[in-house]
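In what follows, every chain begins at residue 1, and chains take the letters A, B, ... in the order their sequences are listed. The figures here come from the full heavy-atom set of this structure, side chains too, leaving out hydrogens, waters and symmetry mates.
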Amino acid sequence: MKAAVRIQQEDFSQDEEILALKASSKRMGGIATFVGCARDFSEGRDVSQISFDAYGSMAVSEMNQLRSEAIAKYGLLDARIVHRICTVTAGDNIVFIAAGAEHRAAALEACRWMIDELKVRVPIWKKEVTPQGETWVTSHP
Amino acid sequence: MKAAVRIQQEDFSQDEEILALKASSKRMGGIATFVGCARDFSEGRDVSQISFDAYGSMAVSEMNQLRSEAIAKYGLLDARIVHRICTVTAGDNIVFIAAGAEHRAAALEACRWMIDELKVRVPIWKKEVTPQGETWVTSHP
Amino acid sequence: MINVLFFGPVVERTGTNSLQVAYQSGMTLQHLRDELAAQYPHAFEIVCFSAVNEHHVRDLSMPLLDDSEVTFMAKFSGG
Amino acid sequence: MINVLFFGPVVERTGTNSLQVAYQSGMTLQHLRDELAAQYPHAFEIVCFSAVNEHHVRDLSMPLLDDSEVTFMAKFSGG
């Protein structure tokens, strides 16, 4: 089975990830997921491509830490975090977060907390290619 | 493509549902999903099977209404709701909710609102088979 | 005729999932409910919601039309 | 030696993704930052975070050990 926390070039499958998440417990009643994907438009500009740079080893370590904290904080049965580092175009998947708990409230709250925290503490940077050129994204809309 | 709102016996694929959701717009930056699944334990009792009864026509009509309201209320680009009516055992999927929006906050909030609302307004009933016999579930933990 | 439907936990207590009640002019949802509750008191202990023609109706003073489909339902537990 | 790494938007401004700085006894993260900021003022305009050996460090008075890996990073934009 693939690791619960990963940085990878290739796309991920939600079905596979959910199956792996469920394998941890038969008491899981609620699974919340978040998928972030590439948009063709950002802050008033057309975007044709998005690429990423990451401090890979630290990013994976921060994502593992984030997962452990979420499990403890929300009493999750399991959680998964996958981030792609590659070049994507509109509609492509970028990030996947999943939280599984006995009841839905914990799963939904933990999922939201993980994506919010990922954005502020995991060293990954996004570069948007627009008709006006390439721009590193530094704000969090 | 399958309808955005369905009641069905068979399982669903998250990958297929997300693909269908994304097809509606290239501006979708965030997709939140919730999957409810069968647990082997509920309110202190072992549960070997769960079956469902539904007022099918009204359930589909309420789910469609719920989807439209969520799209309007949270400014979603699209949303999907699938509920299985069949007999399931621990780990099996029961319900799927997806909300797609330009940004993550709307998607995450709408997903939570839809599953909370589904539970209180869609005419579906769950019966748990336990070692002590069969019990219709009437509370919302 | 009014077509009455029951589902899930209510069927378990009525022993039937549908029945017909003669329509009477001026009949409201409350009249129908009272008549059926007298017939199936155990089932109506758990009835929380009513629907007429597939729409939730909270105001029991709503007048019924002939040929309506009416449902008296227990608390939902889907999802 | 202190090994310094840069990523993404910072590399665009430093023109390099790594460099080495001679270690000096008593050196803090602040000393290193000041030295590099003087050398790459444009890059350090967007530096928000520092990490030492892959851990976030917010207190710049932290003493550095020889052979540390230090990173000065712009605001993150993953996810």
* Asked: Would Q14(B) and E17(A) count as a side-chain contact (heavy atoms from CB on, under 4.5 Å) if you check the C-alpha gap in whole Å, the side-chain angles of each, and the deciding distance to 0.1 Å?
  -> CA-CA 10 Å; Q14(B) 280 97 334; E17(A) 297 299 326; over 6 Å; no
* Going through the checks in order, is the side-chain contact (heavy atoms from CB on, under 4.5 Å) test met by L108(B) and L108(A)? -> CA-CA 8 Å; L108(B) 290 158; L108(A) 290 158; over 6 Å; no
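Enclosure of atom CD in Q132(B) by more than 12 non-hydrogen atoms of other residues, nucleotides or ligands within 6.0 angstrom is indicated.
Note on C37(B), G36(B), A90(B): by heavy-atom pairs under 4.5 Å with chain A, the leading option is C37(B). Your options are I97(B), D40(B), V95(B), and the one with the most heavy-atom pairs under 4.5 Å with chain A is D40(B). Counting heavy-atom pairs closer than 4.5 Å to chain B, the top-ranked of the candidates T89(A), V35(A), I94(A) is V35(A).
In this structure, chain A has no heavy atom under 4.5 Å from any part of A99(B). Proximity to chain B involves both the backbone and the side chain of K26(A), based on heavy atoms less than 4.5 angstrom apart. Proximity to chain A involves both the backbone and the side chain of A32(B), based on heavy atoms less than 4.5 angstrom apart. Within the 4.5 angstrom heavy-atom criterion, only side-chain atoms of F41(B), from C-beta onward, approach chain A. D92(B) touches chain A through its backbone: at least one of N, CA, C or O sits under 4.5 Å from a heavy atom, while the side chain does not. Proximity to chain B (any heavy atom under 4.5 Å) is shown, for A105(A), by both the backbone and the side chain.
R104(A) has its side chain within reach of D116(B): a pair of non-hydrogen atoms, C-beta onward, lies under 4.5 Å apart. Between R112(B) and R112(A) there is no side-chain heavy-atom pair separated by less than 4.5 Å.
Closest heavy-atom contact between R39(A) and R27(B): NE-O, 3.1 Å.
To the nearest 0.5 Å, atom CD1 of residue I31(A) and atom CZ of residue F96(B) are 11.0 Å apart. A distance of 9.5 Å separates CD1 in I18(B) from CG in D15(A), rounded to the nearest 0.5 Å.
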